[in-house]
Amino acid sequence: MIKKVLVANRGEIAIRIIRSCREMGILTVAVYSESDRTSMHVRNADEAWFIGPSPSSESYLNIEKIIDTAKRSGADAIHPGYGFLSENAKFSQRCSDEGIIFIGPSPFAISNMGDKITARKHMIAAGVPVVPGTTEAIKSEEEALETIRQIGLPVMIKASAGGGGKGMRLVKDEANILGSIRAARSEAQTAFGDDAVYIEKYIESPHHIEFQILADKHGNTIHLFERECSVQRRHQKVIEETPSTIMTPEVREEMGKHAVAAAKAVNYYGAGTIEFIVDDNLNYFFLEMNTRLQVEHPITERVVGVDLVKEQINIANGEKLKLKQEELSQFGHAIECRIYAEDPHQNFMPSPGKIKHITEPLGLGVRHDGYVYEGYEIPIYYDPMISKLIVWAKTRNEAIARMKRALYAYKITGIKTSIPFLAKIMECDDFIKGNYNTHFIENNQDFLLQRQPCGKRCQDMALIAAYIHYKNKLDNASHGANGDSEKNAWKEFGRKKAVSRF
Amino acid sequence: MIKKVLVANRGEIAIRIIRSCREMGILTVAVYSESDRTSMHVRNADEAWFIGPSPSSESYLNIEKIIDTAKRSGADAIHPGYGFLSENAKFSQRCSDEGIIFIGPSPFAISNMGDKITARKHMIAAGVPVVPGTTEAIKSEEEALETIRQIGLPVMIKASAGGGGKGMRLVKDEANILGSIRAARSEAQTAFGDDAVYIEKYIESPHHIEFQILADKHGNTIHLFERECSVQRRHQKVIEETPSTIMTPEVREEMGKHAVAAAKAVNYYGAGTIEFIVDDNLNYFFLEMNTRLQVEHPITERVVGVDLVKEQINIANGEKLKLKQEELSQFGHAIECRIYAEDPHQNFMPSPGKIKHITEPLGLGVRHDGYVYEGYEIPIYYDPMISKLIVWAKTRNEAIARMKRALYAYKITGIKTSIPFLAKIMECDDFIKGNYNTHFIENNQDFLLQRQPCGKRCQDMALIAAYIHYKNKLDNASHGANGDSEKNAWKEFGRKKAVSRF
Amino acid sequence: MSLEIKIDDRTAKVKLLKQEGNIIKVEVDDRIYDLDLIMVENGVYSILYNNISYNVELIEKKDHRHFNVNTLYNSYDVEIIDAETKYRMGRSKEEIEDIRKIFSPMPGKVVRIPYKVGDHVKAGDTVIIVSAMKMESEYKVKKDRVIKQILVKEGDTIDGNQTLIVVE
Amino acid sequence: MSLEIKIDDRTAKVKLLKQEGNIIKVEVDDRIYDLDLIMVENGVYSILYNNISYNVELIEKKDHRHFNVNTLYNSYDVEIIDAETKYRMGRSKEEIEDIRKIFSPMPGKVVRIPYKVGDHVKAGDTVIIVSAMKMESEYKVKKDRVIKQILVKEGDTIDGNQTLIVVE
């Protein structure tokens, strides 16, 4: 039985894992880099161990250091979260070699699913539909040309070791085939140290739909239905929802069965996600498997009613799944918005900095998973995601209304965030109608980047507040007093007058 | 169709109502007393109107002023929340006379359920079990003695117009009968201006279980299952949960039917609650009906999956209920803790004051409905409840673990709160086993008021932090600088060193 | 600087021995701690001791010597015992009891003051009633006294720990 | 005191005419507002105008003259135009363009500086690359220039709006 978990991560996911551990009575060990001494996960965990300099490669990705810390702290298990070492087969193997439980799948499952070409082969063998294309890394440019002629244009050229949009090229014209192959290989070489690429049929107006699966070490595998993840910007998910608006019960059941078959094909255990690409006619094809917890796992937790981190820990403990496929169902609708520290109006440039003030949205149907606090300085070294806003409602329309309400009420000052951009998505016709695919943001760019018109009245109020604030500061400065305490004087004065005026 | 709602309330319930209105696209009008100018409901609403001095009797209970504000602001409906004017038949009538929609039941239903003796008569006529006792206010002391002899001791003497434990007396010995009757009548006269009392059989070790009902104006009435409210202190609920641990499916169905019959007996429409007193053998008796939204409504919202405020508004709009009894079910387990500004270790003395810092508990399965913010000064005039923590989990045990996690993480400083007391309840054996009745707090008082032992280590850390804080302040003072900015210097200094030390 | 600090019923001697940025060496009674201590929010300290993480919140009470200190599971009252405090503590109990100040620990509103200056009151008599948040509290004298000063009047809004009435 | 304040592209004259506690009379351009304005949190104002409730958050940016202002649905950039600002604005555009400072609007880490002081660079050349949160940004010169000063070095952590390189 796991008694102490080292959480090999930071940010909101580290805190989310610590919460479930605490509910299970399991002790937690945080690890932190130089710039994370004041991070919330360090404050929240039972223990905190320093693991190295700020760049991830020297801390959160440092396998030796993390294994060493697990041993020294007496942790009997490691939860990798997402990102960092979560899909590193070597790390999973090292844990196993050292007698530490890795809360995640076997090295075999990670490495087989990690390589796209190998994964494709497994899927074909398991009868899971894959996008028409090569099953081997292409050896020569002639072979590539031949394959493309068979599949027919348009095609995608993808890095075998790829991810995150790197080493990918869309080819629509015959004239660009060779150039694109060469570019993709060179990019793949730079990004992943491996120039293997493969070719797939390009699906026009695709939907990105994924299935959550859970599998124990006793051969029981179930799925927890789909997540619609088509709202993407540069191949990064922005908003996810479940159920998908385009899904039918029949297709859901069939895709669920294929998702389970995909996991079984690599003797998978743990929590995992099978990503599918789906066309407008609900033809679906295996895209890849994420052999870890997803950022967007909370929407599944909400509509299915499970705690996926607890399920992961139970599986790692060797327990049998208590959930039965036939007893699971989706209740209501959940949407997740990822809140990034970035400026949508400056080409989504990251916006690290110091949090001055937060007003968190709360109330019925709202879950907020974050990690920043007032006075916290977001480091420049890591992912710009600062929190996730998850809402649930009985219907999709109500969920959208609730998300709007929550986004408007959510104020983080000191940095720029994607909140206004996300609010515009909630107001966008295509999104409201559920009529969208992965081109949604591109297609609606003008609308989404429009600033909310407000008119003179609202501007005037902003001007007046700025005037009073500035004047007050000047007045205080001229009285030689410190700004803060005098601001309170203004407030107190105001209050007392307010009381006496009636 | 309602377009603008005046919320005739303050605190967390005003904000909770504003949230649902916003999701429905309905404008909101806040009203505020002198001491509420800076209250959150004023800041959150679309409009805010001043209605008078701080004492409730001159503001939130001032019917004329509220009706006048509704008319001047163009509100077409009034939501009374709970408390204040929510169960005032005259107010409901005035709204109706003025052509303003009262989001609540008819004056007839309020007044008939508001008088306990009248309510008892309706229940008896409708076949709903009532506690054995008088159906009329007792006229003479002789009659009282005769009745008590028939029912048998122990009995409760209760004020007909009563509530909140006022004008109530438990009689166990014959010798105390007359004294108790006189005391109850005199107290009732003082508290309610009406000395009518009635007599009921006293149920030993009773459970307090209530059923949520919803009824539209077209004769459709449903129940949304029970809430177990036996954790009480001085007849005030402290913690509520659903489902009740003592309930069986058979009794639940039967009680639900009786709850619906009770509502129908007064042609009820709107949201309401039928309170039952239940003995250990699951014999249950009608206690009273609350003709409004309850403080503890969120636990029902969570396990049944509805938004009760939206249902209230839809009913007020004359819509038919969309929910069907046979489609409703309870999923998982929800618990609510009421957070009060009070000091459990000083006989629960109220603790108004200024909020210095809040850390709100978040994450999977946690809902937090509050209204205070950092810098806010809790007024001395109103109820000491500052927020409600609601958790959901698949099982009761998991819900308790989650509530513990949330209570530990929840920090409000500047005032004393009931949080440590609530955390002790979550650790109390009788509560964990679900083996409790309304005597729970009394029976476990010693355990519940015990301070958590922590030992020397933990004390030492507190001492060290206090030392550093004090020293730092002294050092700054002697440098002639202001505390706040220098505290930051310490922090910055610390941080920079932290970076350079490795 | 060595300080005596009172926590609940315990009084301990605390002394900072060394500081380099957030790495400190500190002595509590006879025990020496090597810690990583940093203020993360105003009045909130993150302390790492042997890799155990403590999150300690300090809230100043009536003055800069009195704190309420929260750790994850506990809440303590902490008092810094400086020269002034010692002086106060040094005075005899008698002397302190001689100057009796009636105050309410909570803010509220004065409901009733049944006596006037010069009145003689008996042990147990209620000399002031204060209301806050729908609850009324009565403050009584413990010995026979004479009302010396009445600093507030009925209807006044009062702060916590403010002297309301002085008796002799 | 009358102030010129810039909001997005609009510049307005604002003047406080009268104040009694939180009841103020203020003029914005030619319009006069009677308001109930109160600071509820540090930098957060609650304004009631004809009973309409506005919750306005002010966040200081690089100095006390520059704010980011949030209302319920909007976010504005606001600048107080005082004497110093006017002086700066008064200088000819040429003059400002002559002293070119290269800076990054976001904090980050300097990845690469391909030139050294004295180097001639062409319009469009990247003179510094800054990385933050896994994203690299290249900063280029818009005209042919000479590198005059390099104020940071590769690997340095920089603040937002800090001058990194000066060109002529």
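Predicted model only: the values in this text are computed from it and were never measured. A note on names: the letters A, B, ... follow the listed sequences, proteins ahead of strands, and every chain is numbered from 1.
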- Whether B:K471 side chain and C:L3 backbone form a donor-acceptor pair below 3.5 Å: no
- Task: Without swapping roles, check the side chain of B:Y467 against the backbone of C:L16 for a donor-acceptor pair under 3.5 Å.
- Result: yes
Contact origin within [X] toward chain C - heavy atom pairs under 4.5 Å:
{"X": "B:P352", "answer": "both"}
{"X": "B:E342", "answer": "neither"}
{"X": "B:S56", "answer": "neither"}
{"X": "B:A423", "answer": "neither"}
{"X": "B:Y340", "answer": "neither"}

- Task: Classify the ring geometry between C:H64 and B:Y470 as parallel (under 30°), tilted (30 to 60°) or perpendicular (over 60°).
- Result: parallel
Side chain, backbone, both or neither of [X] within contact of chain B (heavy atoms, under 4.5 Å):
{"X": "C:V26", "result": "side chain"}
{"X": "C:I52", "result": "neither"}
{"X": "C:I5", "result": "both"}

Using 0.5 Å steps for rounding, measure from the [atom1] atom of [X] to the [atom2] atom of [Y].
{"X": "B:I468", "Y": "C:Q19", "atom1": "CD1", "atom2": "CD", "result": "6.5 Å"}
{"X": "B:D475", "Y": "C:M1", "atom1": "CG", "atom2": "CE", "result": "6.5 Å"}
{"X": "B:T413", "Y": "C:F67", "atom1": "OG1", "atom2": "CZ", "result": "12.5 Å"}
{"X": "C:D159", "Y": "B:K354", "atom1": "CG", "atom2": "NZ", "result": "11.5 Å"}
{"X": "C:I7", "Y": "B:M461", "atom1": "CD1", "atom2": "CE", "result": "11.0 Å"}
{"X": "C:Y45", "Y": "B:I464", "atom1": "OH", "atom2": "CD1", "result": "12.5 Å"}

- Query: B:M385 and C:M133: side-chain contact (heavy atoms from CB on, under 4.5 Å), yes or no, with the steps?
  - Reply: CA-CA 9 Å; B:M385 195 179 79; C:M133 295 179 152; over 6 Å; no
- Cationic N near anionic O, under 4.0 Å, B:K356 to C:E57: no
- Query: Should the pair B:D460-C:R10 be classified as a salt bridge under the 4.0 Å nitrogen-to-oxygen rule?
  - Reply: yes
- Message: Just so I understand: if I count every heavy-atom pair under 4.5 Å between each of C:V56, C:L58, C:V69 and chain B, which residue has the most?
- Response: C:L58
- Query: Knowing that exactly one of B:M349, B:Q346, B:K416 qualifies, which makes a side chain to side chain contact (heavy atoms under 4.5 Å, CB included) with C:M106?
  - Reply: B:M349
